[in-house]
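Data first, discussion second: the structure below is written as structure tokens.
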Amino acid sequence: MIEINGISKTFGAFKVLDGLSMQVMPGEKLALIGPSGSGKTTILRILMTLEKIDGGHIQVDGEQLYHTERNGQLLPADERHLARMRQKIGMVFQLFNLFPHKCVMDNVTLAPMLTKGVARAAAEKRAMDLLDMVGLADKAKAMPAQLSGGQKQRAAIARALALSPKIMLFDEITSALDPELVEEVLNVMRKLAAETD
């Protein structure tokens, strides 16, 4: 599902990734573990095309992520290709990144309606199914400011799942939560892992 071949990434004089290669098989659940500054978040941001690689190649679901093939040559991908590839990948960030001026329902339905042209009624039905799955069906009309940290993170998970991505990335999604809220988010993660193959 993901094939990383010899990628490198430098920030100024600091080389974060140096020839990283790895594979993630379909259905595989993988945790990246390491000290702060070791490149974990950088790898996720690269997969989301939020950071560009300095060298190497990445394939996602059998397609080049940062390149397109023309006449047998790999050329840098244009923004249209990157946007299409992004639809295969969902990401939940450490600090939720919900739109504060939109209710939970609107946060979950916005991307499918804008990027995939899903009709509002269909987007809202899917959103309610996802909000029910993460235990937030009763908060569909609530604003993010009315939610606890754990509820915000569960709303962010529902939002990422709304695009039906083939790959889900989670970046330290419990580290910003109070200890008593961590378990509710981990329970959603366990449920997701059990229901996907």
Side-chain angles (χ1 to χ4, degrees), residues 29-33 36-37 40-52 60-61 65 79-80 82-196:
K29 282 79 174 170
L30 177 72
L32 298 176
I33 300 171
S36 181
K40 302 180 302 293
T41 295
T42 299
I43 292 168
L44 299 183
R45 290 179 59 81
I46 284 170
L47 288 170
M48 276 303 298
T49 70
L50 298 173
E51 297 284 353
K52 293 200 186 305
V60 171
D61 192 28
L65 181 59
E79 186 53 42
R80 189 171 165 183
L82 293 174
R84 185 177 61 77
M85 293 300 289
R86 270 185 217 115
Q87 291 185 15
K88 296 183 179 202
I89 305 168
M91 184 163 176
V92 181
F93 297 88
Q94 182 177 354
L95 296 175
F96 329 124
N97 291 0
L98 296 173
F99 293 112
H101 61 290
K102 294 193 175 290
C103 71
V104 170
M105 173 64 75
D106 289 345
N107 264 282
V108 176
T109 59
L110 186 64
M113 289 171 23
L114 287 180
T115 65
K116 292 191 170 182
V118 176
R120 178 173 292 280
E124 288 183 353
K125 181 183 183 320
R126 169 97 170 123
M128 282 307 298
D129 290 344
L130 291 169
L131 290 172
D132 186 50
M133 184 193 80
V134 300
L136 287 179
D138 61 328
K139 301 290 186 186
K141 294 300 178 188
M143 299 302 283
Q146 299 171 302
L147 304 179
S148 70
Q151 289 170 330
K152 288 177 186 173
Q153 200 56 286
R154 288 185 284 144
I157 291 170
R159 180 184 59 187
L161 292 171
L163 285 170
S164 302
K166 294 187 173 197
I167 298 164
M168 279 295 299
L169 307 174
F170 299 93
D171 186 17
E172 298 190 45
I173 63 169
T174 60
S175 64
L177 301 179
D178 293 331
E180 64 271 16
L181 301 176
V182 169
E183 191 62 27
E184 69 184 62
V185 174
L186 290 179
N187 285 337
V188 170
M189 299 286 294
R190 288 184 197 103
K191 184 176 179 182
L192 270 177
E195 292 177 359
T196 57

For L110 versus F99, what's the shortest heavy-atom pair and its separation? CD2-CE1, 3.6 Å
How close do A122 and V118 get, heavy atom to heavy atom, and via which atoms? CB-CG1, 3.8 Å
Ignoring hydrogens, what is the shortest heavy-atom contact between K116 and L163? Give both atom names and the distance. NZ-O, 2.8 Å
Rounded to the nearest 0.5 Å, what separates atom CE in M91 from atom CD1 in I167? 12.5 Å
In this structure, CG of L136 is separated from CE of M105 (nearest 0.5 Å) by 11.0 Å
So, using side chain to side chain donor-acceptor pair (under 3.5 Å) as the criterion, who are the partners of T41 when residues are at least two apart? D171
Shortest non-hydrogen contact between A123 and T109, atoms and distance: O-CG2, 3.5 Å
What's the separation between atom CZ in R45 and atom CG in L50, rounded to the nearest 0.5 Å? 5.0 Å
M128 and D132: CA distance, side-chain angles, deciding distance, side-chain contact (heavy atoms from CB on, under 4.5 Å) verdict: CA-CA 6 Å; M128 282 307 298; D132 186 50; over 6 Å; no
Rounded to the nearest 0.5 Å, how far apart are CG of L98 and SG of C103? 11.0 Å
L147 and A142 have their tightest heavy-atom pair at CD2-CB, 4.0 Å
Identify every side-chain donor-acceptor pair in residues 82-89 under 3.5 Å, counting partners at least two apart or on other chains, and give the distances.
from, atom 1, to, atom 2, distance (Å)
R84, NH1, E63, OE1, 3.2
R84, NH1, E63, OE2, 3.1
R84, NH2, E63, OE1, 2.6
R84, NH2, H81, ND1, 3.4
R86, NE, T49, OG1, 2.6
R86, NH1, E79, OE2, 3.0
R86, NH2, T49, OG1, 3.2
R86, NH2, E79, OE2, 3.1
K88, NZ, D61, OD2, 3.2
K88, NZ, E63, OE2, 2.7

Would you list the atom pairs, donor with acceptor, under 3.5 Å between side chains in residues 151-159 and any protein atom, with sequence neighbours excluded?
from, atom 1, to, atom 2, distance (Å)
Q151, OE1, S148, N, 2.8
Q151, OE1, S148, OG, 3.4
Q153, NE2, F93, O, 3.2
Q153, NE2, Q94, O, 3.4
Q153, NE2, I173, O, 2.9
R154, NE, E184, OE2, 3.1
R154, NH1, V134, O, 2.8
R154, NH1, G135, O, 3.4
R154, NH2, E184, OE2, 2.8
R159, NH1, N97, O, 2.7
R159, NH2, F96, O, 2.9
R159, NH2, N97, O, 3.3

Hey, what do you get for OG1 (T42) to CD (E51), rounding to the nearest 0.5 Å? 6.5 Å
Can you confirm whether R120 is buried at CZ, in the sense that more than 12 heavy atoms of other residues, nucleotides or ligands lie under 6.0 Å from that atom? no
Please round to the nearest 0.5 Å and tell me the distance separating atom CG of D129 and atom CD of E124. 12.0 Å
Looking at every heavy atom in both P165 and G90, which two are closest together, and how far apart are they? CB-N, 3.4 Å
Would you call L161 and M133 a side-chain contact if the rule is heavy atoms closer than 4.5 Å? yes
How about L192 and M168: do any of their side-chain heavy atoms sit closer than 4.5 Å? no
